[in-house]
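Position 1 is the first residue of the sequence, and the numbers go up from there.
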Amino acid sequence: MNPIACRAVAQAGLVAATASADDERPWPLLLVAGWHSTAVDLVLADGLVAEALAELPV
C-alpha cells in the first residue's frame with residue numbers, strides 16, 4: 001500500500017470530521033474532495049510505476 005496515499009485519505013478523514021454539508025462553507029468540503037483525489041492520483045501513479053517496472057527485463 002502506498003503510505004502517501006494512506007496519509008491523503010487520513011487527511012480527508014480529519015477534514016471531513018469537522019466539515020458539515022449543512023453548516024459549513026464550501027471550502028472544507030473542497031478540501032475533503034481534494035485529499036481524496038490526491039489519494040486516487042497517487043494510487044494510480046503507483047500502479048503505473050509497478051506495471052512499468054514489471055515489464056523491465058531482469
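- In this view, Leu48 and Glu51 satisfy the side chain to side chain contact (heavy atoms under 4.5 Å, CB included) rule, not counting sequence neighbours.
- One finds the CZ atom of Arg7 at 12.5 Å from the OG1 atom of Thr38 (value rounded to the nearest 0.5 Å).
- Within the hydrophobic cluster formed by Ile, Leu, Val, Met, Phe, Trp and Tyr side chains joined at under 4.5 Å, directly or through other members, Leu44 is accompanied by Val40.
- Minimum heavy-atom separation, Trp35 to Ala12: CB-CB, 3.5 Å.
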